[in-house]
Amino acid sequence: MRHRGRLTAGFLLIIVFKYFKGIVFFLVGIAALRIWRSNSFPSAGDIARFLRSSPENELVRWVSAVTPAQALGFGLLSLFVGAVFTAEATLLAARVWWSTYFTITLTALGIPLEIFEIIRRPAGIRRYLIFAVNAVILVYLWRRRNEFREGWKAP
């Protein structure tokens, strides 16, 4: 089931990237659940001070309008997504033969959403950068999708 040996630099970068995304989603999920459990929701001014931003900031306005039910749903969903990213990284690190297919599928499922976000708000480089990173990951994994199988030879 597993192939031992050194991981290539590309796989190591993907694993680190997936763990990073998993940690970020876990932290966001924990923060959302803490807000949900608090007695009073923070005001726009509180959020702006915490983020060192303006109360007119789009993110501050969005977070200040969240209801307790939305905070609970967002927190649970963020924890789930964090667990999926962590599972991807762990399976790749363990060199499970089907982990590349698992990661290819999940990364490909996110591409249409990234394209939608770019079309919806084309200004700013962040969306393009995220799209490019995920496209590179997808191409790299597709070319090396059988690397963890026994007897596979690098092209």
Side-chain angles (χ1 to χ4, degrees), residues 1-38 41-42 47 50-51 53 58-60 62-63 65-155:
M1 184 170 175
R2 296 181 194 175
H3 175 70
R4 295 289 176 212
R6 294 178 58 127
L7 286 167
T8 60
F11 275 110
L12 287 174
L13 287 172
I14 292 169
I15 290 166
V16 168
F17 180 64
K18 295 290 183 176
Y19 274 132
F20 173 74
K21 286 177 22 175
I23 290 168
V24 168
F25 274 96
F26 277 131
L27 292 175
V28 168
I30 291 168
L33 292 177
R34 289 204 54 174
I35 290 173
W36 170 69
R37 290 198 55 176
S38 68
F41 266 47
I47 296 167
F50 178 76
L51 296 175
S53 180
E58 182 181 351
L59 177 65
V60 171
W62 182 83
V63 172
V66 169
T67 66
Q70 289 172 328
L72 174 62
F74 188 72
L76 293 175
L77 183 63
S78 292
L79 291 176
F80 176 74
V81 171
V84 170
F85 281 130
T86 304
E88 281 183 271
T90 303
L91 290 169
L92 286 171
R95 297 177 142 251
V96 176
W97 73 266
W98 51 266
S99 63
T100 53
Y101 294 97
F102 180 62
T103 304
I104 287 168
T105 302
L106 293 177
T107 304
L109 288 172
I111 297 289
L113 179 61
E114 292 167 5
I115 292 171
F116 172 75
E117 285 294 321
I118 289 171
I119 291 170
R120 194 174 76 150
R121 287 188 260 158
I125 192 150
R126 181 177 47 101
R127 290 173 190 81
Y128 294 98
L129 185 61
I130 291 170
F131 174 74
V133 167
N134 283 320
V136 167
I137 288 172
L138 198 57
V139 169
Y140 181 84
L141 287 175
W142 183 255
R143 288 187 176 176
R144 302 186 72 98
R145 65 189 177 277
N146 294 316
E147 184 169 322
F148 299 157
R149 289 183 183 249
E150 294 295 325
W152 183 82
K153 301 287 185 226

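The basis for the numbers below is simple: all heavy atoms, side chains too, and nothing from hydrogens, waters or symmetry mates.
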Visitor: Nearest 0.5 Å, what's the CG-CD1 distance between L13 and I137?
Guide: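 L13 atom CG to I137 atom CD1 measures 9.0 Å (nearest 0.5 Å).
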
Visitor: Kindly state each residue pair satisfying salt bridge (Lys or Arg N to Asp or Glu O under 4.0 Å) with at least one member in residues 102-120, sequence neighbours excluded.
Guide: E117-R120, E117-R121, E117-R127

Visitor: Give every residue pair that meets the salt bridge (Lys or Arg N to Asp or Glu O under 4.0 Å) criterion with at least one member in residues 67-82, sequence neighbours excluded.
Guide: none

Visitor: By side-chain contact (heavy atoms from CB on, under 4.5 Å), which residues pair with F50, not counting sequence neighbours?
Guide: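 Once residues adjacent in sequence are excluded, F50 has no partner under the side-chain contact (heavy atoms from CB on, under 4.5 Å) criterion.
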
Visitor: Suppose we screen for ring-ring contact (aromatic ring centres under 6.0 Å, His included). Which residues come up paired with F85, at least two apart in sequence or across chains?
Guide: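 Checked F85 against ring-ring contact (aromatic ring centres under 6.0 Å, His included); matches are F25.
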
Visitor: Within the distance-only criterion (no hydrogens, no angle test), does the side chain of T107 pair as donor or acceptor with the backbone N or O of I104 below 3.5 angstrom?
Guide: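 Such a contact is absent between T107 side chain and I104 backbone.
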
Visitor: What pairs of residues pass the salt bridge (Lys or Arg N to Asp or Glu O under 4.0 Å) test when at least one of them lies in residues 11-32, not counting sequence neighbours?
Guide: K18-E88

Visitor: Can you name the ring-ring contact (aromatic ring centres under 6.0 Å, His included) partners of F131, sequence neighbours left out?
Guide: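 Residues passing ring-ring contact (aromatic ring centres under 6.0 Å, His included) with F131: none at all.
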
Visitor: Considering non-hydrogen atoms only, spot the tightest contact between F26 and L79 and give its length.
Guide: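 Looking at all heavy atoms of both residues, the shortest contact is CE2-O, 3.5 Å.
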
Visitor: Would you compute the distance between atom CG of L33 and atom CG of L76 and round it to the nearest 0.5 angstrom?
Guide: 5.5 Å

Visitor: What's the spacing between Y19 OH and I15 CD1 if we round to 0.5 Å?
Guide: 7.5 Å

Visitor: Could you give me the CA-CA distance, side-chain angles and deciding distance for I115 and I111, then say whether side chain to side chain contact (heavy atoms under 4.5 Å, CB included) is met?
Guide: CA-CA 6 Å; I115 292 171; I111 297 289; 3.8 Å; yes

Visitor: Output all residues satisfying side-chain hydrogen bond (donor to acceptor under 3.5 Å, both in side chains) with Y101, sequence neighbours left out; order by chain, then residue number.
Guide: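 Expected list: N146.
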
Visitor: Let me see the working for V24 and F20 under side chain to side chain contact (heavy atoms under 4.5 Å, CB included), right down to the final yes or no.
Guide: CA-CA 6 Å; V24 168; F20 173 74; 3.8 Å; yes

Visitor: Just jot down the side-chain hydrogen bond (donor to acceptor under 3.5 Å, both in side chains) partners of T67, sequence neighbours excluded, or say none.
Guide: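 Partners of T67 by the side-chain hydrogen bond (donor to acceptor under 3.5 Å, both in side chains) criterion, ordered by chain and then number, come out as Q70.
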
Visitor: Filter on salt bridge (Lys or Arg N to Asp or Glu O under 4.0 Å), then keep only pairs touching residues 67-82, sequence neighbours left out; what's left?
Guide: none

Visitor: What residues form a side-chain hydrogen bond (donor to acceptor under 3.5 Å, both in side chains) with S38, not counting sequence neighbours?
Guide: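 So S38 forms no side-chain hydrogen bond (donor to acceptor under 3.5 Å, both in side chains) with any residue.
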
Visitor: Apply ring-ring contact (aromatic ring centres under 6.0 Å, His included) to F11 and list each qualifying residue two or more places apart in sequence or on a separate chain.
Guide: Y140, F148

Visitor: CG/L91 to OG1/T100 distance, rounded to the nearest 0.5 angstrom?
Guide: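 It is 10.5 Å, given to the nearest 0.5 Å.
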
Visitor: From T103 OG1 over to W98 CH2, what is the distance, rounded to the nearest 0.5 angstrom?
Guide: 9.0 Å

Visitor: Counting N and O atoms only, with roles assigned by atom type, does the side chain of T90 sit under 3.5 Å from a partner on the main chain of T86, one being a donor and the other an acceptor?
Guide: yes

Visitor: Tell me whether the count of non-hydrogen atoms from other residues, nucleotides or ligands lying under 6.0 Å of OH in Y128 goes above 12.
Guide: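 Count over threshold, so yes.
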
Visitor: Compare every heavy atom of V28 with every heavy atom of S78, then report the nearest pair and how far apart it is.
Guide: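 Scanning both residues completely, I find the closest heavy atoms to be OG-CG1, 3.8 Å.
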
Visitor: Atom CZ in R145, atom OG in S99: separation rounded to 0.5 Å?
Guide: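 Here the interatomic distance stands at 13.5 Å.
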
Visitor: Should the heavy atoms of other residues, nucleotides or ligands under 6.0 Å from CG of L113 be counted, would the total exceed 12?
Guide: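 Count over threshold, so yes.
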
Visitor: In chain order, what residues pass the side-chain contact (heavy atoms from CB on, under 4.5 Å) check against R126, with sequence neighbours excluded?
Guide: I130

